[in-house]
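Values below: all heavy atoms of this structure, side chains included; hydrogens, waters and symmetry mates excluded.
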Amino acid sequence: VVLEAPKAEHRAVKAGTFGVISRGREIWGSHSGALRLTGLAGILLFSFWVGMSPHWDHPYPLHVDEWIHIGYAQSTLEYGRLEYPNPYNPREVSFHGEMGFHLLLGFLKTVTGLSWMDLYRFAPGVLLALLAFLTYAFGHRSGFGWAAALFVPLIPTSIRTLGPAFVVPVSAAMLFIPVTLLLLQTMEEESRGRSLWLLLVLIGGTIFIHPPTEAAITVLAILYLAGFVVAALAQKRYGEGANLLLAIGVRILIPVVIMGLWLPSLSRKVAEQSVSADSSSATGLLGLHAGFPQAFGTVAVVVSIAGLCLFTLRGEGVRSYVLPLFALLLLVFLAFFFPMYRLGPDVLYERGWLYLGFLMVIFAGFGTAFYFQSIPATAQLVASRIRLPPGGWMVISLWSAGVAVMLLALTTGIVVNEKRQTYAQYYHVINNLMFADFRWMGQHSGPGQMAAMGEPSLGWAYPPVAGPGAEVYQAVSAPWTNKAADKARAMLASGEADVPWLKKLGVSVFYTCRPRTFVCEDLENNNLFKVRGGVYLVPDFPDTR
Amino acid sequence: MDLLAIVVVTLLIELLIYSVPLEPVRVALGVLFVLFFPGYVLVSALYPWREQLQGVERIALGLGLSLALVPLLGLALNFTPWGIRRQLSDTGQPRSGSTWSISRLQPRGAVRARRGGLAGFLTSPLPCPELRPARLNMLSHTLTQVYQGVSCISNSRQHRSLFLISLQRKPY
């Protein structure tokens, strides 16, 4: 009786564990569609929450680049053309390289009727959830979509590299990466001609939204198509190989021609800057990036590396070696080539980390999904090694270990991540009071009446808040500067305004509040008319028009 | 049915923009309208059969291609005499959305007709005769847009009041 008791207890535990597992399988089998949908909704909500986290208590855009693009999008709608007076330098005519992004914002604003601030308040969350969904769709057929989508919020969103939760061109253009991958994946199984047409449509979108991302996608697409060519030639399908070679040629030519004809000066500037170590460039002023892997999360990096190995060994089709190859090339460029030789566009280096982050998410997702799919086989293997009968406890232990690693990767990557916190130095450019000041200034300015900011970085926020037609003398963010910016900052520091200088520039109002601290400086000059703390009118200003 | 729904929502959007002030509905449908419909319709045109793409992939491609098509539409509008005015960006989208949807419905009907003869064609989602009023509607709308464009250009220089007028008033 004494010997039988533990056995009976063991059987009961075993039966109970198996009962739970079989019941779980039963529920999954009968409601798999609904459960999958619920799981996906949960993942998308999580992404939305991460994207929205800096915006819950701050209704305004955070990054200067967000303000800049609102300003340009507003001017596009105001003037109805892609060429318009630059709202940040009215003496210049703007023909912005990222005009596609402004058009997208403009359409969204006019069709939904939302204000810029409302649009930008919820867009970060929506954008991140959208990237998660598209990543899910890419990995869906191979069974790793859910895991990859779950890891999408790990891609660091920071002031420097921006990131998918800032509403800027690179974030919108990043959405094209999973879409392109999905199309290329479709080409492995479906008609290639139709997908090639859609690839051409995608070029049109990416190149006008964010040209550097188009460059990255072009490399990715060429590698993928080259993989198809090799596969076709290996199977002696020479006609198909020739067609694909033609497709590669067209895929390279179209962006080159568009950039050359559409934006020749920008293309020339980028080409020149790519071969020179310009000290005024972003990397010249800010230095190289450091700590991206730590910002991504150390555990998540380990999962990604494991996933990369599995993806190469166990992945399906052409993508199993094209994506690792692309990731390797990108890593070599970011970690060795650019830092050593400074060859290549700065912007590609700055934003390239995001693309690498996206690839790491895919690999981490693949590794995680592979682990969970392999649990029954792993349980058998482990049980045979430790000479115990395979049971439900083993499956549950392995499953719990997998969940624990996932939670650890997410927690250490997003919540408890010192590097990410310092990396993502969100700053508040304006507060409610400054918003009201800008609105009032905009409502009471006429044509040719420019505002000037004592702290010129605030200039980026002025036209979007003040409304269509509002002009600011200039907008410069530190560490960039120029003589006029230095002069304005000096006036703020000394408290003495140089009224003749302001008049000479055609400035009608001078604003002395500072971003982030929201302190408004007092100016001691009887020639200025103080309307309220921070708002000073310049009397007898000339009309510059 | 999906494409028919897109045509209906497209027309509904126009009502919401110009006539019915239902802001939350306008936002919800407007986001779908800009970020989903154009691409979805294009995907449906190229992959008309359900088995060619899974539902999730169809939705994902619809979203991605819309993001690419909308800027291209804006670029095209830039080269029209009216430019990217509010009236045109409001109505250019619905027009393009419904045009693409209708252009897609016709081939589906034609494919069905090839497969199922006349009966198949008659049961297709939107038979050809329904295209005529839609085209007439588009024509009339284009004329409206011409009028709106002209009136918009003539009114676009109505600028705000002079800044210093505010000196006479309480600023806040």
Side-chain angles (χ1 to χ4, degrees), chain A residues 76-77 79-82 99-101 103-104 106-108 110-114 126 130 133-134 136-138 140-141 145 172 175-176 178-180 182-183 186 190-191 194-195 197-198 201-206 208-209 436 440-447 449 469 508-509 529 531-532 535 537, chain B residues 13 16-17 21 23 26-31 33-35 39 42-43 46-47 52-54 56-57 59-61 63-75 77-78 82-90 92-94 152-153 156-157 159-167 169 171-172:
Chain A
T76 306
L77 288 182
Y79 290 93
R81 296 283 167 197
L82 295 173
M99 58 189 75
F101 183 68
L103 289 169
L104 190 65
F107 273 117
L108 265 176
T110 48
V111 172
T112 59
L114 286 170
V126 173
L130 209 53
F133 175 74
L134 295 174
Y136 169 79
F138 166 61
H140 175 66
R141 272 196 203 193
L175 300 173
F176 291 116
V179 177
T180 306
L182 181 59
L183 268 179
T186 312
E190 289 288 338
S191 162
R194 284 177 293 207
S195 298
W197 280 112
L198 292 183
V201 174
L202 284 182
I203 299 174
T206 326
F208 293 116
I209 287 179
W440 182 84
M441 285 155 68
Q443 281 161 4
H444 296 86
S445 318
Q449 297 172 351
S508 61
V509 59
F529 183 86
V531 179
R532 171 192 175 121
V535 183
L537 303 184
Chain B
I13 279 283
L16 288 167
I17 290 173
E23 291 306 315
R26 181 179 166 185
V27 171
L29 294 181
V31 169
F33 179 72
V34 177
L35 296 183
L42 183 62
V43 172
L46 291 173
Y47 298 95
Q52 289 175 309
L53 281 177
Q54 292 180 10
V56 171
E57 294 170 344
I59 294 170
L61 286 178
L63 288 165
L65 287 165
S66 297
L67 287 168
L69 284 169
V70 168
L72 292 177
L73 178 72
L75 290 177
L77 280 175
N78 182 55
W82 310 289
I84 315 156
R85 297 277 171 199
R86 183 177 175 271
Q87 288 89 336
L88 287 168
S89 54
D90 283 352
Q93 267 291 112
C152 174
I153 290 162
S156 64
R157 292 295 154 201
H159 283 290
R160 292 173 299 275
S161 58
L162 193 69
F163 178 73
L164 285 178
I165 291 172
S166 60
L167 292 177
R169 300 190 302 202
Y172 294 99

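- For A:Ile209 against B:Leu67, the heavy-atom pair with the smallest separation is CD1-O, 3.7 Å.
- For the set B:Val31, B:Leu75, B:Leu16, B:Leu63, the count of heavy-atom pairs under 4.5 angstrom toward chain A peaks at B:Leu75.
- By the 4.5 Å heavy-atom criterion applied to side chains, A:Thr112 and B:Phe33 are not counted as neighbours.
- Among residues two or more places apart in sequence or in another chain, the side chain to side chain donor-acceptor pair (under 3.5 Å) test is passed with B:Glu23 by none.
- Scored by the side-chain contact (heavy atoms from CB on, under 4.5 Å) test, A:Thr76 finds A:Leu82, A:Tyr84, A:His102, A:Leu103, B:Ile84 as partners (sequence neighbours excluded).
- Within the 4.5 angstrom heavy-atom criterion, only side-chain atoms of A:Leu114, from C-beta onward, approach chain B.
- Both the backbone and the side chain of A:Leu202 come within contact range of chain B, with heavy atoms under 4.5 Å apart.
- Looking at A:Leu130, only its side chain comes within 4.5 Å of chain B, counting heavy atoms on both sides.
- When every heavy atom of A:Phe176 is checked against every heavy atom of B:Gly64, the shortest pair comes out as CE2-O, 3.3 Å.
- In this structure, CG on B:Leu61 lies 8.0 Å from OG on A:Ser195, to the nearest 0.5 angstrom.
- When all heavy atoms of A:Arg141 and B:Gln52 are compared, the closest pair comes out as NH2-O, 3.9 Å.
- The two residues A:Leu134 and B:Ala60 come nearest to each other via the heavy atoms CD2-O, 3.5 Å.
- Closest of all the heavy-atom pairs between A:Arg194 and B:Leu46 is CD-O, 2.8 Å.
- Nearest heavy-atom pair, B:Arg26 versus A:Val111, reported as atom, atom and distance to 0.1 Å: NE-O, 2.9 Å.
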